[in-house]
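Shown next, in structure tokens, is the structure this report addresses.
Quantities reported herein were computed from a predicted structural model and do not represent experimental measurements. Count residues from 1 along the sequence. These values consider heavy atoms only, across backbone and side chains, with no hydrogens, waters or symmetry-generated copies.
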Amino acid sequence: MKKILVGVDGSVAGGAAADWAAERARDLGLQLNLVHAVPEPWAFPEKALHTEAIAQAKDLLKGETARIAARFPSLEVLTTLSSGEPAETMRKLSAGAEMVVVGTDRRPGNHGEGFGSVSFQIAVISHCVVAVVPAPSARDSSGVVVGVDGSRDSEFAVEYAADEAERMGEVLAVVHAGGGPGPVPSSSGRSVRGADPSGSEHLGHGLLSESVRRMERRHPGLVIRGILDLERAPAEVLLDASARARLLVMGCKGRGGARVLVGSVAQHVLLNVQCPTLITRPDLQAIGQDPRYPG
């Protein structure tokens, strides 16, 4: 049976991630694997401190297992206590997983290098889809948001997002930033107005319109909105659109292709997560053989 892996660390965001992962695993009939990593013995100044850390980790996993089991009694919950760094642990385990879920370890106003964020590292190096879940918010949320930029990576993300929106009974918002003219049609009957038709703006409008039409054909019962923003950077537009969303879906690499681990837009969004955010990681070889994603 496929598993959803979730990192647990005793934090508020970690608990939110575990609850989010548990609900998803229950709904999809998957196992939930609670994962915690303790640094290698050499990372501790004294052997007794490593022993204590192991004992605390076992208590943490036991407590989280009991808490999750009480909320989701039908769910099969497994635990993994690993030795090493959290990101590398998740990378190894993710090879056979359906999804990896982690809580965001960055807070508003927290600045620094991207690779200082464990959740960011996990999203970048894991082998499967990764969900980064922020601490709970009291604000109302609705809808699924996905970014499209014309790459095969983003088209896979759009299809993934459409499936999620359909499963969740939510409206799908397909977002493109960076150029496009005139109104963008959508199944909601509304349109989003852009600038004068010229060059890359015309291309952006056509790209978004085609993406919306494609999803309307494949998901006839799904309400889909197209959002075109010609003024702001893609990451800013996605963060704004996802501020009150239930889910944001993004391709990992976007237009960066095979030469990058993560695209610049995904990097910025991952370090400023507003809602549960899925980073898709498609099998590019399979995509190349799929007529839905022409090369």
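A salt bridge is defined here as a Lys NZ or Arg NE, NH1 or NH2 lying under 4.0 Å from an Asp or Glu carboxylate O, and Arg218 with Glu159 meets this definition. Here Arg71 pairs with Asp19 in a salt bridge; the nearest charged N to carboxylate O distance falls below 4.0 Å. Using a 4.0 Å cut-off between charged nitrogen and carboxylate oxygen, Glu76 and Lys3 do not count as a salt-bridge pair. Ionic pairing of Arg152 and Glu155 is not present here: no N-O contact between side-chain nitrogen and carboxylate oxygen is shorter than 4.0 angstrom. Under the 4.0 Å criterion applied to side-chain N and carboxylate O atoms, Asp27 and Arg24 are not assigned as salt-bridge partners. For the pair Asp153 and Arg281, the salt-bridge criterion is not met [side-chain N within less than 4.0 Å of a carboxylate O]. Remark: Lys58 does not engage Glu52 in a salt bridge, criterion side-chain N to carboxylate O under 4.0 Å. Taking a cutoff of 4.0 Å between a charged side-chain nitrogen and a carboxylate oxygen, Arg213 and Glu216 do not qualify as a salt bridge.
Under a 3.5 Å cut-off, the side chain of His176 and the backbone N or O of Val148 do form a donor-acceptor pair. Using a distance-only test at 3.5 Å, with no hydrogens or angles considered, no donor-acceptor pair links the side chain of Ser126 to the main chain of Ala123. Looking only at distances, no side-chain donor or acceptor of Ser154 sits under 3.5 Å from a matching main-chain atom of Gly251. Within the 3.5 Å criterion, the main-chain N or O of Leu61 finds a donor-acceptor partner in the side chain of Thr65. Not a single donor-acceptor pair under 3.5 Å links the side chain of Thr277 to the backbone N or O of Val273. Between the side chain of His36 and the backbone N or O of Ala57, no donor-acceptor pair lies under 3.5 Å. With Ser11 contributing its side chain and Gly14 its backbone, the two residues share a donor-acceptor pair below 3.5 Å. At distances below 3.5 Å, not a single donor-acceptor pair connects side-chain atoms of Asp240 with backbone N or O atoms of Glu236. Of the possible donor and acceptor atoms, one in the side chain of Glu170 sits under 3.5 Å from a partner among the backbone N and O of Gly143.
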Leu75/Ile68 under side chain to side chain contact (heavy atoms under 4.5 Å, CB included): CA gap, chis, key distance, verdict: CA-CA 8 Å; Leu75 181 63; Ile68 294 295; 4.0 Å; yes
Side chain to side chain contact (heavy atoms under 4.5 Å, CB included), that's the test. Do Phe72 and Val77 meet it? Break it down for me. CA-CA 9 Å; Phe72 305 92; Val77 182; over 6 Å; no
Stepwise, does the side chain to side chain contact (heavy atoms under 4.5 Å, CB included) test hold for Val38 with Phe44? CA-CA 10 Å; Val38 174; Phe44 295 84; 4.1 Å; yes
Could you give me the CA-CA distance, side-chain angles and deciding distance for Val132 and Ser119, then say whether side chain to side chain contact (heavy atoms under 4.5 Å, CB included) is met? CA-CA 7 Å; Val132 180; Ser119 59; 4.3 Å; yes
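The CD1 atom of Ile122 sits 11.5 Å away from atom CG of Leu270, with the distance rounded to the nearest 0.5 Å. Summarising the geometry, atom OG1 belonging to Thr280 is positioned 6.0 Å from atom CZ belonging to Phe156; distances are rounded to the nearest 0.5 Å. One distance of note links CG of Leu32 with CD of Glu23; it measures 12.0 Å at 0.5 Å rounding. To the nearest 0.5 Å, atom CG of residue Leu228 and atom OG of residue Ser209 are 8.0 Å apart. Atoms CG and OG1, from Leu5 and Thr80 in turn, are 7.5 Å apart once rounded to the nearest 0.5 Å. Expressed to the nearest 0.5 Å, how far CG of Leu30 lies from NZ of Lys2 amounts to 9.5 Å.
The number of heavy atoms from other shown groups lying within 6.0 Å of CZ (Arg67) is above 12.
Side-chain contact between Thr104 and Val133 is absent, with no heavy-atom pair separated by less than 4.5 Å. Leu247 places none of its side-chain heavy atoms less than 4.5 Å from the side chain of Val145. Between Leu172 and Val146 the shortest side-chain heavy-atom distance falls below 4.5 Å. Proximity of Val175 to Asp229: side-chain heavy atoms (C-beta onward) are nowhere separated by under 4.5 Å. Proximity of Gln31 to Asn33: side-chain heavy atoms (C-beta onward) are nowhere separated by under 4.5 Å. At a threshold of 4.5 Å between non-hydrogen side-chain atoms, the residues Leu28 and Arg167 count as touching. A 4.5 Å side-chain heavy-atom check between Ile224 and Val171 finds every atom pair outside the cut-off. Here the side chains of Val6 and Leu34 are in contact, with some heavy-atom distance below 4.5 Å.
For Val144 against Ala161, the heavy-atom pair with the smallest separation is CG1-O, 3.9 Å. Closest approach of Gly84 to Thr89, counting heavy atoms only: C-OG1, 4.3 Å. Taking every heavy atom of both residues into account, Ala135 and Val12 meet most closely at CB-CG1, 4.1 Å. The minimum heavy-atom distance between Ser94 and Val100, with the atom names listed, is CB-CG2, 3.7 Å. Shortest non-hydrogen contact noted between Met250 and Ala157 is C-CB, 3.8 Å. Nearest heavy atom pair, residue Ala177 against residue Pro234, reads CB-CA, 3.7 Å.
Under the 4.5 Å side-chain contact rule for hydrophobic residues, Leu49 and Ile54 share a cluster.
At a cut-off of 3.5 Å, with distance as the only test, no side-chain donor of Ser242 or Gln274 sits close to an acceptor on the other residue.
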